[in-house]
Amino acid sequence: MAIEPTECLPASLANLTRGSLESVTRASAIEFAKDGIRFNAIAPGVVNTPMHRPQAHDFLKQLSPMKRLAEVGEVADLLLYLESAEFLNGEVVHLDGGAHAGKW
């Protein structure tokens, strides 16, 4: 949403926080690389958690080109990958089924 805002969803606050996330991730990656400290981030789309009522799932699935919600295990798998990828630094990985890529 921060890269490709849509009219149907209010996104100003999300744009501010996600844009900041990308900026601080890159800046921190450069600043601390010499110390061997890596900074990467996960930018999830809608994740299937109790935060979202089951009645809203059909609508929320439409926010992803893959027409489904991410599962908590997928977020955990990505976190484990980022931890193990020792040369990956300064990246924000979008776990949103491709929604960040544009209109579908």
Aromatic ring pairing H94/H100, orientation class (parallel under 30°, perpendicular over 60°, tilted between): parallel
Would [X] and [Y] show up in the same hydrophobic cluster when neighbours are defined by side-chain heavy atoms closer than 4.5 Å?
{"X": "L80", "Y": "V75", "value": "no"}
{"X": "V47", "Y": "L69", "value": "no"}
{"X": "M51", "Y": "V72", "value": "no"}

Quick one: does [X]'s side chain have a donor or acceptor within less than 3.5 Å of a partner on [Y]'s backbone?
{"X": "E74", "Y": "E71", "result": "yes"}
{"X": "R26", "Y": "F39", "result": "no"}
{"X": "R38", "Y": "L82", "result": "yes"}
{"X": "D96", "Y": "G98", "result": "yes"}
{"X": "N48", "Y": "A70", "result": "no"}

I42 and L79, any side-chain heavy atoms less than 4.5 Å apart: yes
NZ-NZ distance between K61 and K67, expressed to the nearest 0.5 angstrom: 11.5 Å
Atom pair NE2/NE2 of H52 and H57 - distance to nearest 0.5 Å: 7.0 Å
From CA spacing to verdict: side-chain contact (heavy atoms from CB on, under 4.5 Å), T25, E91: CA-CA 7 Å; T25 299; E91 291 298 323; over 6 Å; no
Derivation of the side-chain contact (heavy atoms from CB on, under 4.5 Å) call for Y81 and L88: CA-CA 10 Å; Y81 167 74; L88 188 63; 4.1 Å; yes
Closest approach of S64 to G97 (non-hydrogen atoms, all atoms of both residues): OG-CA, 3.7 Å
Nearest non-hydrogen partners of A99 and P65, listed with the distance: N-CD, 3.4 Å
Evaluation steps, side-chain contact (heavy atoms from CB on, under 4.5 Å), between N40 and V93: CA-CA 8 Å; N40 297 297; V93 181; 6.0 Å; no
Enclosure of Q55 CD (heavy-atom neighbours >12, cutoff 6.0 Å): yes
